[in-house]
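What follows is a single structure, written as structure tokens, with notes after it.
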Amino acid sequence: MTDQTRGEAFRALHQKGNPFILANAWDIGSAKMLAGLGAQAIGTSSAAHAFTLGRPDMGHVTRDEALAHAQDLVAAVNVPVSGDFENGFGDDPDTCAQTVRLSYEAGLAGISIEDTALPTNTPYDRALAVERIEAAVAAARALPGDFVLVARADGVMNGQYDLDEALARIAGFEAVGADCLYVPMPGTLADQARICDATSLPVNALAAGPLAQVSRAQLAQAGVARISLGSALARVTHRVIHDASQAMFQQGDFSMLGTGLPGRTVDALLADAPKR
């Protein structure tokens, strides 16, 4: 996949009412397995990546670390890769713009930028949040190839503002040229549909919380164009580690270890796919 085709291929996947699954991986092995199992695109996950480094989420991974991690995933798979790049790794709009340029150079097909002043969960003032996306969009449009810029309003998920404020923010993001909009964990499926109805742009939904209990078909009917996993799949693996370890260390029970995938199945999924 070339610099010119990766962004175009990624953009083409975003179809309102026909959502693809952006499979968030946390290392080379998980990215290759997900691609081998049919993922049309891979995403990084800020939280899942932080977990691999023994750190918490929310602003504890540097831009250089995130870019190096993203490059590893780009090199490992033959599908577009998108970066979950928190707040763009800085408060000011110029930093967001530079993050876009560096992300393209790293081989990414797009990134998301949120409106949270990390490492706190305090949202930026709405005007500044829009200005930051505007700068990122300008940088994306100046690139030699296509690049999908996703603007996130995270304050509902973080308990910092309500859905009306989120809708006002994504309206501002749309006005300055964002390609895709994202309000993580808005509450109910009806809330998600309200977000989709508020814009003509593709909308990302996070398969977490209440929305992990609804189907792709239901999210499609709500108007979603993309379903991301965030750190949810990584947390599922951590659940297995937690539960199996408790059984081993507290009861001397190793039975969960007998439920693992056969090595040959994993080996086959880790084999390099033909380059396109």
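Note that the structure is predicted; figures quoted are calculated from it, not measured. Position 1 is the first residue of the sequence, and the numbers go up from there.
Closest approach of Pro184 to Met157, counting heavy atoms only: O-CB, 3.5 Å. Considering all non-hydrogen atoms of both residues, Leu108 and Ser82 come closest at CD2-C, 4.0 Å. Taking both residues in full, the closest heavy atoms of Thr120 and Met58 are given as O-CE, 3.9 Å, listed atom of the first, atom of the second, then distance. The minimum heavy-atom distance between Ala39 and Val79, with the atom names listed, is O-CG1, 3.7 Å. Taking all atoms of both residues into account, the shortest heavy-atom contact from Gln246 to Gln251 is O-OE1, 3.6 Å. In terms of heavy-atom proximity, Ser231 sits nearest to Ala47 at CB-CB, 3.7 Å.
For the side-chain contact (heavy atoms from CB on, under 4.5 Å) with Leu181, the qualifying choice from Leu167, Leu201, Ile133 is Leu201, the only one to do so.
Summarising the geometry, atom CD belonging to Gln213 is positioned 12.0 Å from atom CG belonging to Leu189; distances are rounded to the nearest 0.5 Å. From Ile170, atom CD1 reaches atom SG of Cys180 across 10.0 Å, with rounding to the nearest 0.5 Å. Note: Lys32 NZ to Leu270 CG = 6.0 Å, rounded to the nearest 0.5 Å. The NE2 atom of His49 sits 8.5 Å away from the CG atom of Leu73 when rounded to the nearest 0.5 Å. Atom CG of Leu118 and atom NE2 of His60 lie 8.5 Å apart (nearest 0.5 Å). Distance check: Ser45 OG to Leu233 CG gives 9.5 Å after rounding to the nearest 0.5 Å.
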For this session: Check the pair Leu206 / Tyr182 against side chain to side chain contact (heavy atoms under 4.5 Å, CB included), numbers first and verdict last.
Result: CA-CA 8 Å; Leu206 177 63; Tyr182 183 14; 3.4 Å; yes
Problem set entry | salt bridge (charged side-chain N to carboxylate O under 4.0 Å, His left out) between Glu114 and Arg132, intermediate numbers included | CA-CA 9 Å; Glu114 64 190 65; Arg132 285 159 37 81; over 6 Å; no
For this session: Check the pair Phe147 / Ile111 against side chain to side chain contact (heavy atoms under 4.5 Å, CB included), numbers first and verdict last.
Result: CA-CA 8 Å; Phe147 191 84; Ile111 62 171; 3.8 Å; yes
Problem set entry | Test log, rule side chain to side chain contact (heavy atoms under 4.5 Å, CB included), inputs Leu143 and Val100 | CA-CA 9 Å; Leu143 296 170; Val100 166; 4.0 Å; yes
For this session: Begin with the C-alpha distance, continue with both residues' side-chain angles, and end with the deciding distance and a verdict on side chain to side chain donor-acceptor pair (under 3.5 Å) for Thr52 and Asp27.
Result: CA-CA 8 Å; Thr52 69; Asp27 60 12; over 6 Å; no
Exercise. For Asp154 and Tyr161, what are the C-alpha separation, side-chain angles and deciding distance, and is it a side chain to side chain donor-acceptor pair (under 3.5 Å)?
Worked result: CA-CA 9 Å; Asp154 279 34; Tyr161 52 69; over 6 Å; no
For this session: Could you walk me through whether Ile113 and Val150 pass side chain to side chain contact (heavy atoms under 4.5 Å, CB included), step by step?
Result: CA-CA 6 Å; Ile113 294 178; Val150 182; over 6 Å; no
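Here the side chains of Thr116 and Gln160 are not in contact, with every heavy-atom distance at 4.5 Å or above. A 4.5 Å side-chain heavy-atom check between Leu22 and Ile227 finds every atom pair outside the cut-off. You'll find the side chain of Pro186 reaches within 4.5 Å of the side chain of Ile195, heavy atoms only. Between Val77 and Met33, every side-chain heavy-atom pair lies at or beyond the 4.5 Å cut-off. Taking the side chain as every heavy atom from C-beta outward, Asn87 and Tyr124 approach each other to under 4.5 Å. The shortest distance between side-chain heavy atoms of Lys16 and Pro202 does not fall below 4.5 Å. Contact annotation: the side chain of Arg216 approaches that of Pro19 to within less than 4.5 Å [non-hydrogen atoms, C-beta and beyond]. Contact of the Ser103 side chain with the Phe85 side chain is registered, since non-hydrogen atoms from C-beta on lie closer than 4.5 Å.
The list of salt bridge (charged side-chain N to carboxylate O under 4.0 Å, His left out) pairs with a residue in residues 81-110, not counting sequence neighbours, reads Asp84-Arg152.
Between the Ser245 side chain and the His242 main chain, no donor and acceptor come within less than 3.5 Å of each other. Counting only distance, with no hydrogens or angles, the side chain of Thr265 and the backbone of Leu261 share no donor-acceptor pair below 3.5 Å. Of the possible donor and acceptor atoms, one in the side chain of Thr259 sits under 3.5 Å from a partner among the backbone N and O of Met256. No donor-acceptor pair closer than 3.5 Å links the side chain of Asp197 to the backbone N or O of Arg194. Checking side-chain atoms of Ser215 against main-chain N and O of Gln218 turns up a donor-acceptor pair under 3.5 Å. Side-chain atoms of Arg11 never come within 3.5 Å of backbone atoms of Asp179 as a donor-acceptor pair (strictly under, hydrogens ignored). The main-chain N or O of Asp162 is never found under 3.5 Å from a side-chain atom of Glu165 such that the two would form a donor-acceptor pair. With hydrogens and angles ignored, the 3.5 Å screen pairs a side-chain donor or acceptor of Asn24 with a backbone N or O of Thr44. Although no hydrogens or angles enter the test, the distance criterion places a donor-acceptor pair under 3.5 Å between the side chain of Glu65 and the main chain of Thr62.
In the hydrophobic clustering of ILVMFWY residues, with side-chain heavy atoms under 4.5 Å counting as a link, Val266 and Leu37 come out together. Leu102 and Leu149 fall within a single hydrophobic cluster, where Ile, Leu, Val, Met, Phe, Trp and Tyr are joined by side-chain heavy atoms under 4.5 Å apart, directly or via other members. Phe20 and Leu229 are not part of a single hydrophobic cluster, where members link through side-chain heavy atoms under 4.5 Å apart. Taken together through direct or relayed side-chain contacts under 4.5 Å among Ile, Leu, Val, Met, Phe, Trp and Tyr, Val74 and Phe10 form parts of separate hydrophobic clusters. Under the 4.5 Å side-chain heavy-atom criterion for ILVMFWY residues, a single connected hydrophobic cluster contains both Val130 and Val203.
By the neighbour-count criterion of 12 heavy atoms within 6.0 Å, atom CD of Gln221 is sparsely surrounded, having that number or fewer from other residues, nucleotides or ligands.
With sequence neighbours excluded, the residues satisfying side chain to side chain donor-acceptor pair (under 3.5 Å) with Arg226 are His14, Asn204. With sequence neighbours excluded, no residue satisfies salt bridge (charged side-chain N to carboxylate O under 4.0 Å, His left out) with Arg264.
Looking at Glu131 and Arg126, no side-chain N of the basic residue comes within less than 4.0 Å of a carboxylate O on the acidic one, giving no salt bridge.
Cation-pi contact between Arg6 and Tyr104: present, with separation from the ring centre below 6.0 Å and deviation from the ring axis of at most 45°.
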